[in-house]
Amino acid sequence: MEEANKIELEKTYDPKKVEEKWLEFWIKKGYFQASISSQRPSFTIVIPPPNVTGSLHIGHALNNTIQDILVRYKRMKGFNALWVPGTDHAGIATQTVVERELLKEGIKREDLGREGFIKRVLKWKELYGNRIIVQLKSLGASCDWSRERFTMDEGLSIAVKEAFVRFWREGLIYRGHYLVNFCPRCDTALSDLEVTREDTKGRLYYLRYPLVSTDKNGQSETSRDDSASLHIIVATTRPETMMGDTAVAVNPKDERYKHLIGKEVILPVVNRKIPVIANESVDMEMGTGALKITPAHDFADFEIGNKHALPRVQIMDFKGVMNENAGIYNGLDRFECRKQIVEDFEKEGILEKVEDYSLQLGKCYRCGTVVEPMLSLQWFVRTKPLSIPAIQAVEDGRTRIIPEGWKNTYFEWMRNIRDWCISRQIWWGHRIPAWFCKDCEGITVSVEEPNVCEHCTSHNIEQETDVLDTWFSSALWPFGTLGWPRKTKELEVFYPTSVLVTSFDILFFWVARMMMMGLKLMNDVPFRDVYIHALVRDEKGEKMSKTKGNVIDPLDIMDEFGADALRFSLTALAAQGRDIKLSLSIIEGYRSFMNKIWNASRFVFMNLDNVEATRRVVSTGLNLSTPDKWILTKLNRTIQEIENSLEEYEFDKTSRLIYQFIWGDFCDWYIELVKPILNGDDLEARKRTQAILVRVLSSSLQLLHPIAPFITEEIYQRLRELGVRMSSTDEEETESISISSYPNFNKDEIYEEAFDEIEYIKEVIVGIRSLRAIVGVHPSKMVDIILLPDNKKILEITQANKNFIHSLAKASIDLSREEKPKKAVAQVIEGLQIFLPIDGLVDVEKEVERIKREISKVVKDVELTNRKLSNPDFLERAPEDVIEKEKEKFEELSLKKHKMEEVLQKLSEIG
RNA sequence: GAGCGCGUAGCUCAGGGGGAGAGCGCUUGCUUGACGCGCAAGAGGUCGCAGGUUCAAAUCCUGCCGCGCUCACCA
């Protein structure tokens, strides 16, 4: 007896014992650091930077699992793989969080002043900003942590300034007085994208604006007459804005109002005369067909106001409080004002009626406050010229969007793009590099802080207090992180990046803007592919949210089930174009899979009695058995399919393939087939089998590694202890599975014949097991089975694999009979009848039922096939091979039907 | 209003013009020398509905129904 190996695996896999260890190992060894001097092709991903304030949620887990799969796969494939990690300063979000924190101490940010507040935020970031990075690491993310970046770090700050300055000089950035979305709670302007529309129940108020009646002398007087012809009724959802009305617009084609165009109405409350104007855009069907125009507080009205040169009257301040232009309502909050005004108007007879109305209300996407369109001086990016190359790049495929369906969404948005308001009235962020001159009012824009105004050389200059939209800096991420605007080796080697992995909800916010910025500033697309993955929802398909209490916290999951189980679950569900409904039971299921792999390995370890036998894991030169050939064929086919699926971003398919191979092929069949050999006396055969076991196990681990890095590393390291090395000859490359080379498809390991043979034997075994179950034989009891093959070939195959049938079906096989036994239950498969003789113990009636059911199924198929074959059109038009196949099918099924009927006949005789 | 996606086994989902698939759940049997987070054998489906194209439709086309999402200044 040879020396028993000393490495034994525990009975159950415990992720807690291994994950942290390998994490540290990988990072310490620097396996994930990319090289700028490598000759190998590069593969680059930049992480969608999570908010520094953030904590890992399930969406991050999915997003980063997918990126990690790609990076680990490419790294193993020999690419110079770089995954750049980092975080985003998340202006409004972070400021809000810190402000809330301060408020607990009774401090407002104004109390600290700008500098003091920024210091406070930085302190906060130091304390909590690293949290999500630690969490990403624990997920197993194989980022190059030595290159971690932050959107507010020095390099990226320079990038932001540089981009701003260039855009300004080219006229791509301008400053102007426009109507913008303003959040009174966050106290800042927002871009269009930062406003979400929500279905809200509101009311439609009908207001009566008296006409100014003009007498023959041309003098006007106010009419208080209630008769219909003397006023216009306008409908509005926002009566409190009426003080800002500067016109009433009607459609010029509208017969009801035609005669009033050019006349004036008197605006209640403020008693201002405003004109009735004609505008095509007014919908006659809508409301009363007369539209109050409030250019300073409504986007559509702003447009109309411009066309007709109407004055803009602002009636509230940036906090949403009514100002002096609101007359008696001065000082009231906008919603209180609405209440009050409705009450007052009702009394005064100005309010004609009120209707329930549902509308899409714009709300701040950060805090949910109703957004107020406000007239203010802001900075904008002129997006049209930037969008054109960004559209072209996707049109001509320089950047691919996967799944393709999102292309349309991208185009749709890009083609209708509007200028981007980039200034924010907050403190936390990149301060706009523009200085105003107090003497000449000129603007100096510069990367370096200027001493003088570039227009009049005055020293009396002051920097803009606004900061930039966080997405402005995020848009520079793919090249800013690689050193831009410096001309770095990194940019040369790693730009354009290979793929961006993200979810569709930031397609416009981020992806589109990176495209525009990358093409403008780098003169090339920021990434070759954009892979858009699903949203993770709860098991009912609802969005996870803290308020609903249906969140699945990835940290809890990793703690309970291990990072690998979580990663595998997300991967298995990551089908393109479909949301992920995640539940605990799914994760439990894949935890079982991890345990299965563990135990398959445990089995292998237990059956390696000699290190020599396992040192080399190559299979060439061995006198392979049929099952060996079968599993190698299956392995190679799986390798090929996995590779395809990964290249196509079909991650669900990848995980299914691995799952099926490891569990369905390797564990359920190969290991079982091979057990007698391992327990047998044939030393050569045993050694050979051990080699194949190790070979298939290690390849499986490698295939699985990108999805489940921890368990695969753990088992791999244990194999190493035994002296097993992965196929690479380079000792360094075998230190860790994460840098070993990914299995390659090898056509020399495809054995068609052996493969088909085992597939057939599997059917025989299942057939026998089925008979055993029917008769109710105890699993441990051996049965006698009679096989009647149709032809010599089947006879040979069954004969050659008799011992496998014997061990897997617990059956002694008799192949020498020439006729059917008298009393037996039977199974018919292609080319073979399987009999299990009985002593009348079986429930004949039940068995007759079963056979009948099966016959009727076959009959149905036979008829269907026959119908096809007797259809002249089919024979004429269907392709040759289809007809051929159909004929074979017909033969086979007819034969089966015939045999089954015979079986039935025999059974009836017993009965 | 425009656009997109999805309706396949009880549940979650693959598949995608020529013999309906997986996992979970369910039923039955198992202290099988890797694993009960397991093994084996089963039951379970007019592939949303109606038309059309085709020799052939779960699969392609059209319409409808249901669910979801995105975009849009409709008072």
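For clarity, every value in this text was computed on a predicted model and none was experimentally measured. For the numbers below, each heavy atom of this structure counts, side chains included, while hydrogens, waters and symmetry mates do not. First the proteins, then the strands, lettered A, B, ... as listed; each starts at 1.
- Pairing for B:C71 is with B:G1, a Watson-Crick or G-U wobble pair whose two hydrogen-bonding atom distances lie under 3.5 Å.
- Among the atoms of the strands shown, none is found under 4.0 Å from any heavy atom of A:Asn408.
- Ring-plane geometry between A:Tyr531 and A:His533 is classed as tilted, the angle between the planes lying from 30 to 60 degrees on a 0 to 90 degree scale.
- A straight line from CD1 of A:Ile586 to C1' of B:G23 spans 9 Å, rounded to a whole angstrom.
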If a protein heavy atom is under 4.0 Å from the base, mark B; if only from the sugar-phosphate, S; if neither, -; do that for nucleotides 27-40 of chain B going 5' to 3'. ---SS--BB-BSSS
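- Closest approach of A:Ala512 and A:Trp413 over heavy atoms only: CB-CZ3, 3.4 Å.
- Toward the 5′ end of RNA chain B lies the nearest nucleotide of A:Ala575, the other residue of the pair A:Ala575 and A:Lys857 mapping further downstream.
- Within the nucleic acid shown, A:Ala773 comes within 4.0 Å of sugar-phosphate atoms alone, with no base atom in reach, counting heavy atoms only.
- With hydrogens and angles disregarded, no donor-acceptor distance shorter than 3.5 Å links the side chain of A:Arg312 to the backbone of A:Leu179.
- Side-chain contact of A:Glu194 with A:Ser191: a donor-acceptor pair under 3.5 Å is present, judged by distance alone.
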In 5'-to-3' order, the base (B), backbone-only (S) or no-contact (-) status of each nucleotide in nucleotides 15-20 of chain B, using a 4.0 angstrom heavy-atom cut-off, is ---BB-
A:Lys634 vs A:Tyr670, side chain to side chain contact (heavy atoms under 4.5 Å, CB included): CA-CA, chis, key distance, verdict: CA-CA 10 Å; A:Lys634 194 84 199 185; A:Tyr670 185 72; over 6 Å; no
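- Rounding to whole angstrom units, CZ of residue A:Phe509 and P of B:U70 are separated by 11 Å.
- Side-chain N/O atoms of A:Asp419 and A:Tyr178 include no donor and acceptor closer than 3.5 Å.
- A:Tyr590 comes within 4.0 angstrom of no nucleic acid atom, judged by non-hydrogen atoms across all strands.
- Listed pair A:Ser770 / B:G42 meets the phosphate criterion, a side-chain N or O lying under 4.0 Å from OP1 or OP2.
- Separating the CG atom of A:Asn416 from the P atom of B:A72 is a distance of 9 Å, rounded to the nearest angstrom.
- Residues A:Arg602 and A:Leu9 come closest through the heavy atom pair NE-O, 3.0 Å.
- Rounding to whole angstrom units, CD1 of residue A:Ile552 and P of B:U12 are separated by 14 Å.
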Listing time: all N or O pairs from protein to nucleotides 5-7 of chain B that are below 3.5 Å?
unit_1, atom_1, unit_2, atom_2, d
B:G5, O2', A:Gly577, O, 3.4
B:C6, O3', A:Arg578, NH2, 3.1
B:G7, OP1, A:Arg578, NH2, 3.1

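- Between the CD1 atom of A:Ile761 and the CG atom of A:Leu808 there is a distance of 10.5 Å, given to the nearest 0.5 Å.
- We find that CG of A:Asp873 is positioned 14 Å from P of B:U53, with the value rounded to whole Å.
- When heavy atoms are screened at a 4.0 angstrom cut-off, A:Arg418 is found touching the sugar-phosphate backbone but no base atom.
- Rounded to a whole Å, the CD atom of A:Gln360 is 13 Å from the C1' atom of B:A2.
- Of the two residues near RNA chain B, A:Gln827 and A:Thr288, the one whose nearest nucleotide lies more 5' is A:Gln827.
- The distance from atom CD of A:Gln576 to atom P of B:C13 is 16 Å, rounded to the nearest whole Å.
- We find that A:Arg238 and A:Glu372 are joined by a salt bridge, their nearest charged nitrogen and carboxylate oxygen being less than 4.0 Å apart.
- Taking atom CH2 on A:Trp406 and atom P on B:C4, their separation rounds to 12 Å, with Å as the unit.
- Taking a 6.0 Å sphere around NZ of A:Lys885, one finds it holds 12 or fewer heavy atoms contributed by other residues, nucleotides or ligands.
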